[in-house]
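In what follows, a structure is listed as structure tokens, so that the remarks can point back to it.
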Amino acid sequence: MASSSSPVQVLYESGKSDSDKKRFRSQENYDDEIIVSPEQNENQERPVKRRSDSSYEQSVEERLLGPREREAEPNSIKEKLKQERKTLRIYGYRDVLLEAVESNQVVVIVGDTGCGKTTQIPQYLYEAGYGKKGRIGCTQPHGFTARSAAARVSQEMGVKLGHDVVGYSIPFEDCTSEKTVLRYMTDGTLLHQLYGEPELISYSVLMVDEAHERTLSTDILVGLLKDILPSRTNLKLLISTATLDCAEKICELFDSALVLDIRILSHYPPHHQDDHVFYLEATEANNYLEANYLDAAIRTALEIHENEPSGDILVFLTDRDEIEVAAQQLHQPHQLSICPFYENMPAELEAQFFETTPKGVRKVVLATSIAETFWPTKAGVNYVVDSGFCKNKSYDPSSEKERLQLTRISKASAMLRGSQALLGKCFRLYKRNDHGNPKPEVQRSNLTNVVLTLRHLGVNDSTRFHFLDPPPTEALRKASQLLFALGALNNVGELTEVGERMAEFPVDAMLSKAIVASDQYKCSNEVISIVAMLSAGDHDSVFHHPEDKQVDADNARMHFHSGNVGDHIALLKVYNEWKDANYSAQWCHENYIQIRTMKRARDIRDQLERLLEKVGIELSSNPFDIEPIKKAITSGFFAHSAKVQKTSYIPVKQPPKNLHIHYRSGLARMLPKCVLYHELDLETNQYMRQVTEINSEWLQEVAPYY
DNA sequence: CTCTCCCTT
């Protein structure tokens, strides 16, 4: 173990006798963080994400209304829900809010996550008659919040979800009908709806919720709404945010907007004032630099275990590696049951969440920031350890490389993390108010698809678009350059027919181009399968390789690579064999394939197939010749081609830099002359993932201007 | 001889 000369070590030893008090200072002043709102108390379910699970909707309803309540008189349920609505904090602002909307086109609402605005405001608007003038839309950054809000609202209104006035529309799930007036959806869904309804003519009110998350879709949507509002004078816009900073930016964008801060005026009974959040003392916090927060988190968890009453612990770390390190170190003390929790976790680990730990055994959940919003069991945890960090994808436009970057979490994230410890304590491994200010996604993303979407919606000069925060000009320029090379823009910068078609597909522009190109190579049937597989998950989420069965898993994987067909064709073979096995779960298990990824690929593929018809591409198939398939892929990915040089690769066009085929590729150590890759690893940007051999002459054929 | 946070059209 580390010697006692390490500042962290000393720190922890000094704190041993008196538990947290020495290291952590409780919040002294009242601060509206970590509010236990009535809604949070009532509506505690945080279901684990189950993509494409058709039984999900029902299970949400069942959780919202326990079995006993379902049997009770419908009227008494209705009465109970009606009373509950009045206890919500937001209820006190009902009239103020409606008045504000009546006399202003744009209203910004500042309120904490979970204060009831998502479920209540659309209902207030409906009750005030806005539903008679058009639809009431409410957008969310995430599909599952849209779905659970709609489920809750349909309960409160006593209507059947999706068959009456309340519905929702999220990826792969359209739960609406002609009767739907109150519609919950994701920002992305609404953005796509703008393709067919540029002025959102069917809506009378729109509420853009959780704008402070600053997702790509939210930012683009808000910018577009700025343009739409002048000609839609009878359209009301509400934007909600948890932070004042974001509210100010929105006000700046819309020349006149009314800001309603529903946090300040609220009053809480004393027991809701929190004395359960502990921060590091300033001098100690300075020791917690990026280098040792993992160590600090592990030690804090152990100290909680030694000094605090029973209750499960949730530790927020940043990635899978850290979780595995922490799991190993915490494994030693008995009476600790360790649960890892991260996206794309193997199914067998997921099962641990639902196992009840034996009496006297404390559960420690080691999670990434996924646990800020998803929570697999109904039971909460008593203790939260917040490292204060997360990992974020970032894009450098000048090198055109994507990387994962360690980032300090925002105040909003810290609040979400802390709110998981409703009745216990939250230990933050940083100073009070020492939050990060993460860049909005639009400033750290590859903008190719953003520019394509904007063009498709008639925004011809993206540098003059109303961004809440402008992206680097270089990123916009690089995006236009790639779109030109792909043939989506012509030499005067107009969207071409190819570009129009590409914009319809909900996948990355280069994949979208491959689909459009598959028309001329008569293999759209195969290409949409490959595109769906590549879009379904990142890197290794298709093949499963458990620690203890590496050899078996490798053998299973290599079966799809027979003939050295390349990783793209291997993915096609995986999809087709799964389909031939009737989409069987057993087949996935036997072949070490992750069924979650496959189900998602199937959903995406179905969607792509429907869109082929929309853009006039015939579903064509040439299963016995892989060359046309590879050519179609090359039409999208010529920019990712590399030529062999001795034992490594150099990009065909771009500053010299050696690349290697990733060891998990079917072509690892094969050294084909010329290859194309889907992506580079985010850590070193040196390893090509998903590699296929191509003929270098094709490059001239598919991208003469590149 | 290396291995990527979380979302979403």
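Proteins come first, then strands; the chains are lettered A, B, ... in the order of their sequence lines, and each starts at number 1. The figures here come from the full heavy-atom set of this structure, side chains too, leaving out hydrogens, waters and symmetry mates.
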Original post:
If you find the nucleotide of DNA chain B closest to A/E683 and the one closest to A/A503, which residue's nucleotide is nearer the 5' end?
Top reply: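 Result: A/E683.
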Original post:
When the nearest nucleotide of DNA chain B is assigned to A/F505 and to A/T318 on a heavy-atom basis, which residue is associated with the more 5' position?
Top reply: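 Result: A/T318.
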Nearest to the side chain of [X] - [options]?
X	options	result
A/T684	B/dC7, B/dC3, B/dC5	B/dC3
A/R320	B/dC7, B/dC3, B/dC5	B/dC5
A/I370	B/dC5, B/dC6, B/dC3	B/dC6

Original post:
Looking only at side-chain N and O atoms, does A/T368 come under 4.0 Å of OP1 or OP2 in B/dC6?
Top reply: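 For B/dC6, OP1/OP2 do have a side-chain N/O of A/T368 under 4.0 Å.
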Expressed in angstrom and rounded to an integer, what is the separation of [X] atom [atom1] from [N] atom [atom2]?
X	N	atom1	atom2	answer
A/Y687	B/dC1	OH	C1'	8 Å
A/N344	B/dC3	CG	C1'	13 Å
A/L190	B/dT8	CG	C1'	14 Å
A/F341	B/dC6	CZ	P	9 Å
A/D319	B/dC6	CG	P	9 Å
A/Q405	B/dC6	CD	C1'	15 Å
A/L680	B/dC3	CG	C1'	14 Å
A/Y649	B/dT2	OH	P	19 Å

**OP:** Show your working on salt bridge (Lys or Arg N to Asp or Glu O under 4.0 Å) between A/E173 and A/R147 and close with a plain yes or no.
**Re:** CA-CA 9 Å; A/E173 253 183 272; A/R147 176 168 44 199; 2.5 Å; yes
Over all strands shown, is [X] touching base, sugar-phosphate only, or nothing at heavy-atom distances under 4.0 angstrom?
X	answer
A/I170	sugar-phosphate
A/L191	nothing
A/Y342	sugar-phosphate
A/S217	nothing

Original post:
Do the side chain of A/E609 and the main chain of A/R605 share a donor and acceptor less than 3.5 angstrom apart?
Top reply: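 Pair absent, no side-chain N/O of A/E609 close to backbone of A/R605.
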Subject >> Base B/dC3 to side chain A/Y663, donor-acceptor N/O within 3.5 Å cut-off >> reply: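 Yes.
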Original post:
Under 3.5 Å, is there a donor-acceptor pair linking the side chains of A/S202 and A/E197?
Top reply: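 Side-chain D/A pair, A/S202 to A/E197: present.
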Original post:
Looking just at side-chain N and O atoms, do A/Y395 and A/E441 make a donor-acceptor pair shorter than 3.5 Å?
Top reply: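 No donor-acceptor contact under 3.5 Å links the two side chains.
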Subject >> Residues A/R403, A/D396: salt bridge by 4.0 Å N-O rule >> reply: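 Judged by the 4.0 Å cut-off on N to carboxylate O distance, A/R403 and A/D396 do not form a salt bridge.
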